[in-house]
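Structure, as structure tokens:
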Amino acid sequence: MNTRSSRHQSRRQPSHRVWAMLAALVVLLVSGMAGCSLIGGDGDAAETPQVAARDRVDERGGTLKALSLGPVLSWDPQRISARDDAAFAGRIFLRTLTAYQPSTDPRNQSRLVGDLATDTGTPNKELTSWSFTLRDGIAWEDGSPVTCEDVKYGISRTFATTVITGGSTDALAVLAVPKQPNGASIYGGPYATGPAAAAGAAAYDKAVACRGATITFTLSAPVGDFNEMVSQPAFAPVKKSADKGKDGTYVAFSSGPYKLAAPWRASTGGSWERNPHWKASTDEVRRAYPDRIEHQEGIETQTVAQQIMADGDGARNAVSLGPAPQAIQQHIVSVDALTERSVTAGTGLVDYLVPNVKSQVFAKPEARQALAVATNRQAYVTALGGATTGRPTTTLIPESLPAHHQEDPIAAGPRGDADRAKVLLGKAGLTLPVPLRVVYRSSPVADKAMAALVAGWTEAGFAPTLTPLKDDYFATIGAPAAASSYDVFWSNWSPAWASASTILPALFDSSINLTPAGPGRDYGSFADATVNAEIQNIGRIGDRAKREQAWAALDATLQGQGAYIGLAERRALYIAGSDVRNLSANEVIGGVVELADIAVRQ
């Protein structure tokens, strides 16, 4: 997993996310959006408002300074992998067929709307074909129109896997382009040459077809939430004449409200000025209030927070793109003048534990339930840094998603119940104390958080041994040998878009995870044919609300069987200068600062 101190810790290493999503989508596992069941109610878990308590501004003008550590890895739509880079790009210069609407109400942030498209798409009855019609009047920064062919060309670049790397490869997984015997697509992308190139291009043309302003996608299997999938940067248009191929890492040819004033400078940043050809009348997502955005990276997160807190001449119009460090967060929430210039939001990233069902300890569900009941989630969150850094949860589905539910099928609760856990261990036929080998990814904060769980586990009758690992953590626990080395694995996950289809199938469908090469993302080797069948059934549900209810029900089933143990949904706190208005954070796109609505007081 790739982590950077300025960003939410999340699974952003492309090979990890792409592997899981590719596998999940190949077997029809896609559907609507889901949400995390959080356990609240603790007196020490006071919450910072979702939206900063400031007067709104609905006027354009001024310069916004956006400060972060970075680094931005790419502005190329088909290369973008980090969720915060995707969120910034999607609000500033990059438009997609659909997008999630900004909202000050976190419960409405999952509302999908047409962006480049006039609406959220039309599927056929079988969910194997989706059509979108582009809006009139959308232009590139050079004034030329954004066309259906531009969208088709942009997506085609995903297939050039030796040239365009790092971004989502969902298009390869779901589009009806034939595969070679080795699993690779017969289409090699727009740069391919040679005898096979023409045949591959013809196959792609059948799968992605333009007719006037309407683009139609033919899929290899039913995908109920394909219209949400295409909100990702990998499905964004690219103008062929502006494509720099392998040299286009930081090319940001704009179809949105801003364009780069000069080439991007890696490690220091760049300035975004208005795209004169953007029309507000064609865009129901971005309000684009500032005239200019000075995007500076390479600044330590603590320095960013301290400068903005001081609110000097150079910081009154500044906002932090990275969350404030934990020690500074406590000061911000304790001072009213700073609290009103801050906002805290869930990031969608959930920490969880995975019992190893191959271990003698967790062969029976009662033993797995015992660990869940013995786990003190509130102690874990307190060790992370408190309410501004996380919230206790029993589920992997983040709170902001439509499938969010409050089910706690085994009544695990936020603080654990040692006595009931002992009863469950007895039902599992285990003799106390029960040895427990726990492995986790080490960091100073993680060491404290995991140590905070030991007391509850010990009181419940476990004898835990913690093993911290720093290097190649996910590769280590994904190796076959891990099944005989550990009883419990720590992990984390966040949705790729607003759907539980990007969570539960990728982690718990044994038909795509468990192979001789290892457990895939199903680290605990959980296998249930009924669960696998239900995952496929849910992927075929066309109605979003019903699909999300089904994901929520399946999630409760997984919790009841002890397939995993939720710990905490991570949160992030951002601070802005006194001249910044409309400060909010959008949990659906990663709990990042909502740049579509932000403004600067004149």
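Being a predicted model, the structure only gives us computed values, none of them experimental. Excluded from the calculations below are hydrogen atoms, water molecules and symmetry mates; all remaining heavy atoms, backbone and side chain alike, are included. Nothing fancy with the numbering, it's 1 onward along the sequence.
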Determine the minimum heavy-atom distance between [X] and [Y], stating which atoms define it.
{"X": "Pro102", "Y": "Asn586", "value": "CA-ND2, 3.9 Å"}
{"X": "Pro233", "Y": "Ala86", "value": "CG-CB, 3.7 Å"}
{"X": "Pro519", "Y": "Gly478", "value": "CD-O, 3.0 Å"}
{"X": "Ala412", "Y": "Thr394", "value": "CB-CG2, 4.4 Å"}
{"X": "Asp509", "Y": "Asn513", "value": "O-ND2, 3.1 Å"}
{"X": "Ser68", "Y": "Leu321", "value": "CB-CB, 3.8 Å"}

Are side-chain heavy atoms of [X] and [Y] found at a separation under 4.5 Å?
{"X": "Glu284", "Y": "Arg135", "result": "yes"}
{"X": "Tyr574", "Y": "Ser342", "result": "no"}
{"X": "Asp205", "Y": "Lys152", "result": "yes"}
{"X": "Tyr204", "Y": "Leu175", "result": "yes"}
{"X": "Val373", "Y": "Ile410", "result": "yes"}
{"X": "Leu172", "Y": "Phe159", "result": "yes"}
{"X": "Gln559", "Y": "Thr395", "result": "yes"}
{"X": "Glu594", "Y": "Ile589", "result": "yes"}

What is the distance from atom [atom1] of [X] to atom [atom2] of [Y], rounded to the nearest 0.5 Å?
{"X": "Gln232", "Y": "Thr158", "atom1": "CD", "atom2": "OG1", "value": "9.5 Å"}
{"X": "Arg571", "Y": "Leu384", "atom1": "CZ", "atom2": "CG", "value": "12.5 Å"}
{"X": "Ile541", "Y": "Ser501", "atom1": "CD1", "atom2": "OG", "value": "11.5 Å"}
{"X": "Leu507", "Y": "Ser491", "atom1": "CG", "atom2": "OG", "value": "7.0 Å"}
{"X": "Leu112", "Y": "Thr120", "atom1": "CG", "atom2": "OG1", "value": "5.5 Å"}
{"X": "Ile565", "Y": "Leu396", "atom1": "CD1", "atom2": "CG", "value": "11.0 Å"}

Verdict with supporting geometry, Thr128 and Thr218, side chain to side chain contact (heavy atoms under 4.5 Å, CB included): CA-CA 6 Å; Thr128 56; Thr218 301; 6.0 Å; no
Would you say the side-chain atoms of [X] pair up with the backbone N or O of [Y], donor to acceptor, closer than 3.5 Å?
{"X": "Arg368", "Y": "Gln561", "result": "yes"}
{"X": "Ser231", "Y": "Ala99", "result": "no"}
{"X": "Thr214", "Y": "Cys210", "result": "no"}
{"X": "Gln101", "Y": "Val113", "result": "no"}
{"X": "Arg286", "Y": "Gly90", "result": "yes"}
{"X": "Glu587", "Y": "Gly348", "result": "no"}
{"X": "Arg570", "Y": "Gly346", "result": "no"}
{"X": "Thr98", "Y": "Gly114", "result": "no"}
{"X": "Gln78", "Y": "Ala236", "result": "yes"}
{"X": "Tyr473", "Y": "Val439", "result": "yes"}

How are the rings of [X] and [Y] set relative to one another: parallel (under 30°), tilted (30 to 60°) or perpendicular (over 60°)?
{"X": "Phe474", "Y": "Trp490", "result": "tilted"}
{"X": "Phe217", "Y": "Phe132", "result": "perpendicular"}
{"X": "Phe226", "Y": "Trp130", "result": "tilted"}

Please determine which of Asp522, Asn532, Asp528 meets the side chain to side chain donor-acceptor pair (under 3.5 Å) test together with Ser510.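 Passing option: Asn532.
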Flag for [Y]-[X]: side-chain donor and acceptor within less than 3.5 Å:
{"X": "Asp85", "Y": "Ser81", "result": "no"}
{"X": "Ser74", "Y": "Asp76", "result": "no"}
{"X": "Tyr380", "Y": "Asp351", "result": "yes"}
{"X": "Asp283", "Y": "Trp278", "result": "yes"}
{"X": "Asp555", "Y": "Tyr564", "result": "yes"}

Is there a side chain to side chain contact (heavy atoms under 4.5 Å, CB included) between Leu353 and Leu567 once you walk through the steps? CA-CA 7 Å; Leu353 300 174; Leu567 291 174; 3.8 Å; yes
Could [X] and [Y] be called an ion pair, given the rule that one side-chain N must be under 4.0 Å from one carboxylate O?
{"X": "Arg95", "Y": "Asp115", "result": "yes"}
{"X": "Glu569", "Y": "Arg377", "result": "no"}
{"X": "Arg91", "Y": "Asp597", "result": "no"}
{"X": "Asp543", "Y": "Lys546", "result": "no"}

Phe253 and Trp75: aromatic ring centres closer than 6.0 Å?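 When the ring centroids of Phe253 and Trp75 are compared, they turn out to be at least 6.0 Å apart.
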Set of side chain to side chain donor-acceptor pair (under 3.5 Å) partners for Ser131, sequence neighbours left out: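 In terms of side chain to side chain donor-acceptor pair (under 3.5 Å), with neighbours along the sequence ignored, Ser131 is linked to Thr216.
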Audit row: Asn492, Val350, side chain to side chain contact (heavy atoms under 4.5 Å, CB included) steps and yes/no: CA-CA 5 Å; Asn492 63 6; Val350 176; over 6 Å; no
Does the pair Thr147 and Lys239 meet the rule for a side chain to side chain contact (heavy atoms under 4.5 Å, CB included), with working shown? CA-CA 9 Å; Thr147 67; Lys239 186 174 181 178; over 6 Å; no
